[in-house]
Structures are given as structure tokens and as C-alpha cells.
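As C-alpha cells, the structure follows; a few thoughts come after it.
Both backbone and side-chain heavy atoms feed into the values below; hydrogens, waters and symmetry mates do not. Below, chain A is the first sequence line, B the second, and so on; all start at residue 1.
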2 protein chains.
Amino acid sequence: MNIQQLRYVREIIRRELNLTEAARALHTSQPGVSRQVRELEAELGIEIFERHGRRLTGLTGPGRELLPIIERMLIDVDNLKRVGQDHAAREVGQLVVATTHTQARYMLPPVVAAYRKRYPDVRLSLQQGSPTEIAMKVIRGEADLAIATESLDHYDELLTLPAYTWSHAIVVTPDHPLARRRRLTLADIAAWPVVTYSPEFAGRSRIDQRFAAAGLSLDVVLTAIDSDVIKTYVELGLGVGIIASVAFDPKRDRSLKRLRTDGLLPVNTTRVAVRRGTYLREFTLAFIEAFAPDLDAAAIRTMLAVDGTR
Amino acid sequence: MNIQQLRYVREIIRRELNLTEAARALHTSQPGVSRQVRELEAELGIEIFERHGRRLTGLTGPGRELLPIIERMLIDVDNLKRVGQDHAAREVGQLVVATTHTQARYMLPPVVAAYRKRYPDVRLSLQQGSPTEIAMKVIRGEADLAIATESLDHYDELLTLPAYTWSHAIVVTPDHPLARRRRLTLADIAAWPVVTYSPEFAGRSRIDQRFAAAGLSLDVVLTAIDSDVIKTYVELGLGVGIIASVAFDPKRDRSLKRLRTDGLLPVNTTRVAVRRGTYLREFTLAFIEAFAPDLDAAAIRTMLAVDGTR
DNA sequence: CTTGCTTACGAGACTCGTAATAATT
DNA sequence: AATTATTACGAGTCTCGTAAGCAAG
């Protein structure tokens with residue numbers, strides 16, 4: 001048994017049982033992968049993959065039991081390397097942050113600026129994607145952190161930490177009838193066409209829940225994944241905009257008016273997710289710390305430690 | 001990096017930083033181990049061991065961080081093998097149970113008899129030792145299960161399951177003054193010399209606590225690790241015996257009288273311990289199930305699953 | 001001067017890539 | 001017919017054992 005064999009098995013499964021694809025992804029030859037897999041199977045005394053003739057068609061029962069152990073071992077391989085790097089060159093390395101548009105556009109810029117100054121030798125890479133995509137990136141080890149408001153809690157493989165809370169803002173054109181109202185109700189908003197986020201983004205689901213709880217349903221005429229698109233169409237008069245309040249800048253967005261909503265809309269929590277069982281390098285913890293004002297390195301370490309005991 | 005290197009590192013640490021010993025234990029050459037360790041260190045970019053000249057004198061900081069990851073990976077290597085064996089030959093294999101005298105002598109015989117009939121191809125091996133020793137055996141992977149009444153809860157690496165509860169019995173010679181008393185008190189017992197278990201065995205610590213709580217202290221004139229020794233000396237009139245009640249057999253022990261103690265002495269829980277993170281083969285679960293009347297395979301699996309999520 | 005780690009070197013095993021083969025879709 | 005896994009074979013690498021060297025207690 002060797003680590004390479006485990007990598008091969010994982011990659012074949014990730015590539016949907018296409019051994020050829022896996023070989024390509026791992027920059028090696030197809031026969032090499034085939035052979036190593038068979039050798040591992042022989043050593044363990046079982047078949048990992050179901051084969052119909054010469055095609056891999058699925059995982060066997062034992063194969064399914066093997067998989068989580070293999071994944072954990074490969075994570076641990078990375079962990080060993082990270083421990084090494086963390087001590088060999090404490091503030092040198094790579095940090096991949098997967099995040100959604102709203103975070104990248106409005107919340108992260110100041111954090112990133114400060115972080116880059118503090119850690120000039122960390123190659124910081126931001127990767128934008130949908131909540132599902134960024135969660136998968138972290139689970140597969142392609143990103144170190146995921147930052148998003150929704151749906152990071154649905155994965156057993158992830159450990160999420162609350163970073164900060166925020167709520168939405170209602171924006172309209174200055175000449176919109178709602179602009180004159182002193183106090184809004186949910187029904188006021190629901191009376192107009194709405195422009196807001198796509199279902200899985202930026203707390204959208206919680207908005208829907210709030211209105212549904214009040215017996216109302218929204219007439220959403222345009223959904224977007226980023227706030228700038230929403231603002232653009234609100235300016236065009238397409239409807240009332242619901243955006244993350246951080247996305248509204250009174251100076252820049254002079255053609256829009258933000259309405260008072262005190263407590264009307266739900267509070268959202270933006271969370272940072274890491275892969276359970278991964279070793280976090282010191283500069284990774286520092287990023288979380290910088291991003292989440294309520295968390296300090298000590299608190300993060302304890303949450304990880306409690307979790308990591310298994 | 002390869003698995004062998006990790007084994008070498010672990011073994012060196014287990015052998016108290018004696019690389020020569022580690023090489024011997026692993027049936028390989030000293031230079032080979034030395035070389036592989038240096039190569040691992042080079043690949044990770046750190047020193048794992050502190051060296052004074054040519055002697056290994058300790059672990060470095062990064063070395064200490066590496067260790068738990070290495071241990072976990074090596075456990076996972078075994079786990080992979082076990083999954084294989086479990087499917088290749090479900091009821092064939094080896095099961096090592098580490099336990100204390102009282103369990104081995106009184107509680108296990110019927111379980112073992114039934115188990116051997118049910119699983120004739122499982123090589124069952126019982127290893128007797130002190131609670132500390134058997135706990136270490138399981139932690140080091142030398143035994144699959146530990147069965148004992150005390151001190152299995154003090155190890156983070158172990159997961160313990162309650163198997164059954166029991167209490168102690170007071171035994172005396174038939175002509176002892178206490179033999180005529182209808183109802184005993186703690187003070188009655190404390191008035192006489194006592195023969196019982198060594199401090200870490202068979203619930204001894206809880207006996208002491210009980211008497212201490214009542215403001216009494218025991219005059220222990222002989223401590224033993226096994227009940228047979230205790231009974232022998234009680235027969236010789238050395239003192240009042242306190243033994244596990246299962247160790248008293250009215251038919252065999254005709255020269256002793258068991259006194260009524262209803263509720264006087266504390267209740268003990270015998271526990272089964274397994275190494276956290278290890279895959280338990282089906283026949284291992286079956287043994288636990290056979291030993292612990294209150295646990296069934298499903299219950300055990302859930303406890304392990306909850307624990308194993310990490 | 002004994003114990004114990006490291007360096008040197010050579011034999012043997014193993015991994016991996018190319019080419020050819022066989023089986024599915 | 002095209003795609004995909006397995007078998008065959010050979011080059012190159014790597015591991016490991018023996019022997020020699022060297023540092024520490």
C-alpha cells in the first residue's frame with residue numbers, strides 16, 4: 001500500500017469512475033493507474049470498483065467503506081506538509097479563499113488589503129463561485145476557506161465559524177412611490193415587483209421565508225447573483241431592490257434611495273468554513289481572524305481542537 | 001513521503017528516541033531507518049527530531065505537531081486493511097482482548113466459550129494486565145479491546161462503552177464475629193483488617209471513596225490483583241475480604257461466608273474501550289455485543305459514528 | 001570504548017511510461 | 001468505430017541491506 005495508490009482511487013471516483021480522466025488529471029499514464037489500483041485491491045483482498053467487463057461502473061460495498069478513510073488519509077498527507085511549511089517558512093505560502101460575489105465585492109476588499117500588507121509573501125487567491133461550488137472547493141481541498149452567508153452548514157465535512165451578522169436594505173429610485181413612505185411594512189414591499197438575488201445567494205432564502213411567514217409572496221422580476229446587477233435594474237425602474245446593506249453606498253449610489261427598514265428584514269450570519277480535519281496554517285488563522293471581528297486565533301483554535309478530537 | 005517513513009518515526013518515538021531499537025522492532029536495518037527519517041524531514045522542510053551531535057534527544061516543535069497526524073494516518077492504514085479483511089473473509093481474523101484478572105477469570109469465560117463456537121475462525125487472544133497496561137495496549141493498536149472497571153476513561157484516545165454494572169461482596173470465614181451480624185454498616189467493616197484489591201484494580205478506588213465519604217479509613221492488610229489470592233488469605237483469617245461479587249461462588253467457596261450488604265458498597269461499571277478512529281470488524285462488534293448485554297451492534301455503531309464524524 | 005546515528009555503495013525490487021491488446025458502448 | 005481498461009515489457013528510480021565511519025556518553 002502506498003499513498004499514490006490512494007490518490008489514484010480518490011481521483012478515479014472524483015472523475016466519475018473514468019480512469020483515463022483520472023490519469024490525465026494526475027499527470028500520469030493510464031496503465032500505471034490501472035495497475036496500481038489492481039495492486040491495492042489485491043493487497044486488501046477485495047475489489048474496490050465494480051467492473052462490467054473492462055468498464056468501471058461503480059464502487060463495491062467495501063469500496064464505499066474505504067473511501068472516507070482514504071479521503072482522511074490524503075487530507076492528513078496535506079496536513080503533514082502544511083505543518084512542515086508552517087515551521088519552515090511561517091509567513092510564506094498560498095491561501096485560497098473561495099467566496100461569493102457580495103463578500104468579494106463589498107466585505108473582503110479592506111480585509112484583503114490589510115492582509116496583503118501584513119503577509120506580503122502569502123499568495124492570496126480569491127475564487128468566486130456559488131455557495132455550493134465554494135463549499136465543494138473546500139471539501140475537495142482546492143480552497144482553504146469558504147466565505148458565504150448560506151448553505152455552508154449543510155456539509156458534514158465542513159466546520160463553520162460565524163464571522164459577522166448583517167441584514168438587507170431596500171433600495172428604490174428617488175421617484176418611486178415607496179420613497180415617500182416613512183415606515184415600511186412587508187406588505188408594502190410585496191405590493192411591488194422586486195429585484196434581488198438568485199435563490200442560493202446572499203440570504204435570499206431567508207428573505208423568502210420572512211415574507212412567507214407573513215403570508216406574502218414576492219413578485220421577483222429579476223434575480224441576479226451580484227448586487228451591482230440588481231442596483232442597475234432598480235435604477236432602470238424594473239422594481240424594488242433588496243440587496244445586502246453593505247452593497248449600498250450613499251455616495252456612489254446617488255441615483256438610489258435606501259429606505260428605513262428597522263427590523264423588518266431577517267438578520268443573516270456570514271460564516272467562514274474550513275474542511276474538518278485539516279491543519280490550518282498560522283497565516284490562514286490570521287485571515288479568519290482579520291475577517292471575523294468576533295473571532296480571535298485562540299477562539300478558533302479551541303473550536304478546531306474540540307472538533308478535532310474525534 | 002511514504003507510509004514506511006511514518007512507521008519509522010512513530011516507532012522511534014515509541015522506543016524513546018532509540019533509532020536502533022526501532023529498527024530492530026521493525027525488522028529492518030538501522031541505516032535504512034536513519035536515511036528514511038532524514039528524507040522525510042527533508043521533504044517536509046523541517047527537523048522532526050532534536051539531535052545533539054548524533055544522538056536523538058527529543059522532538060522538535062513541528063515534530064510534536066506532526067505526531068498526532070502520523071498516528072492517525074497509521075491507524076487509517078490499519079483501518080483500510082481491516083475493511084479489506086472484513087469483506088474478504090468476514091469471520092476470519094484475529095481479535096485481541098486486553099483485560100484484567102477479575103474479568104478474565106469470572107466474567108469472560110462463558111462469553112469466550114460462546115464466541116468461539118460462533119466464530120471458530122477468529123483467533124481470540126486474551127491479554128491480562130493492569131488497567132493502565134491494557135489501555136496502552138489498545139492505544140498502541142496492540143489490542144482491539146480493553147475490558148476493565150476503572151481508569152479507562154482517562155484517555156482521550158479511547159472511546160469507552162458501558163458493559164454492565166456490579167458491586168462488591170464482603171466475605172469472611174464462617175467463624176468470624178461479623179458472620180453473625182444481620183445487618184452490616186461501613187463502620188462494622190472498617191473495624192476489622194481488610195483484604196482487597198490493589199489500588200487500580202476492580203473498583204478499589206471507589207471502595208476507598210465510599211469509606212472516606214463516611215469518615216472512615218480502611219486498614220488494608222493485604223492487596224492483591226486477583227480475587228483468588230484475596231479469598232485464600234481471607235480463609236487464613238487475615239481479615240475481611242472485599243471482592244467482586246461475581247468472584248464468590250457459594251458452591252466452591254464453602255469455607256467462606258458472603259455477608260449481606262444491600263446498597264452499602266458502591267456500584268461499579270465495567271466498560272469496554274476501543275481506540276477512537278479505528279474501524280471495528282464485524283466480529284469485533286459481535287464480541288462487544290456478546291459481552292455487554294445492554295449493547296447491541298446498532299447502538300455501538302451509532303456511538304462510534306457520532307464519535308467518528310470529527 | 002561502547003553505544004548509536006550517519007555516510008557509502010551495490011543488489012534487487014518496484015514504479016512508471018510506451019506499445020499492444022481486449023472489451024464495451 | 002471510438003472509447004476505455006488491461007496486459008506486456010523495458011528503462012530508470014528507489015528502497016534496503018551490508019560495511020565503514022564518526023560522534024557522544
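The interatomic distance linking B:R51 (CZ) with C:dT7 (P) rounds to 9 Å, in whole Å. Rounded to whole Å, atom P of D:dA5 lies 14 Å from atom NE2 of A:H52. Following rounding to the nearest Å, A:E41 (CD) and D:dA5 (P) show an atom-to-atom distance of 13 Å. To the nearest angstrom, C1' of D:dA5 lies 13 Å from CD of A:E47. Atom CZ of B:R24 and atom P of C:dT3 are 11 Å apart (whole Å). If you measure from atom CD1 of A:I48 to atom C1' of D:dT6, you get 16 Å, rounded to the nearest angstrom. Rounded to an integer number of Å, the gap from CZ of A:R35 to P of D:dT7 is 9 Å. Atom CG of B:L17 and atom P of C:dG4 are 12 Å apart (whole Å).
As judged by a 4.0 angstrom heavy-atom cut-off over every strand, A:Q36 is placed among residues touching the sugar-phosphate backbone only. Nucleic acid contact for A:S29: base, since at least one base atom lies under 4.0 Å from a heavy atom of the residue. In this structure, B:I12 reaches neither bases nor backbone, as no heavy-atom distance under 4.0 Å exists between it and the strands shown. Residue contacts for A:L26: at a heavy-atom cut-off of 4.0 Å it reaches no nucleic acid atom on any strand shown. At the heavy-atom level, A:E39 lies under 4.0 Å from the strands shown only through sugar-phosphate atoms. A:G32 comes within contact range of no nucleotide atom at all, as no heavy-atom separation falls under 4.0 Å.
Between A:R55 and A:P31, the residue anchored closer to the 5' end of DNA chain C is A:P31, taking for each the nucleotide with the nearest heavy atom.
Put simply, B:T28 has no side-chain N or O that comes within less than 4.0 Å of OP1 or OP2 on D:dC16. When the side-chain nitrogen and oxygen atoms of A:T20 are compared with OP1 and OP2 of D:dA5, one or more of them lie within a distance under 4.0 Å. Checking the phosphate oxygens (OP1, OP2) of C:dC16, a side-chain nitrogen or oxygen of A:Q4 falls inside 4.0 Å.
Formation of a donor-acceptor pair under 3.5 Å by the A:R64 side chain with backbone atoms of A:L59 is found in this model. At distances below 3.5 Å, not a single donor-acceptor pair connects side-chain atoms of B:S125 with backbone N or O atoms of B:V96. Looking at B:R14, its side chain does come within 3.5 Å of a backbone N or O of B:R140 through a donor-acceptor pair.
The local environment of CZ in A:R35 is sparse, with at most 12 non-hydrogen atoms from other residues, nucleotides or ligands closer than 6.0 Å. Heavy atoms from other residues, nucleotides or ligands lying under 6.0 Å from CZ of B:R116 number 12 at most.
When distances are taken from the side chain of B:Y8 to each of C:dC5, D:dT6, D:dC16, the shortest belongs to D:dC16. In this structure, the nucleotide among C:dT15, D:dT6, D:dT4 sitting nearest to the side chain of A:S34 is D:dT6.
The base of D:dA5 sits with one of its N or O atoms less than 3.5 Å from a complementary donor or acceptor on the side chain of A:R54.
Using modelled atom types, one finds a donor on one side chain and an acceptor on the other under 3.5 Å when comparing B:R7 with B:Q4.
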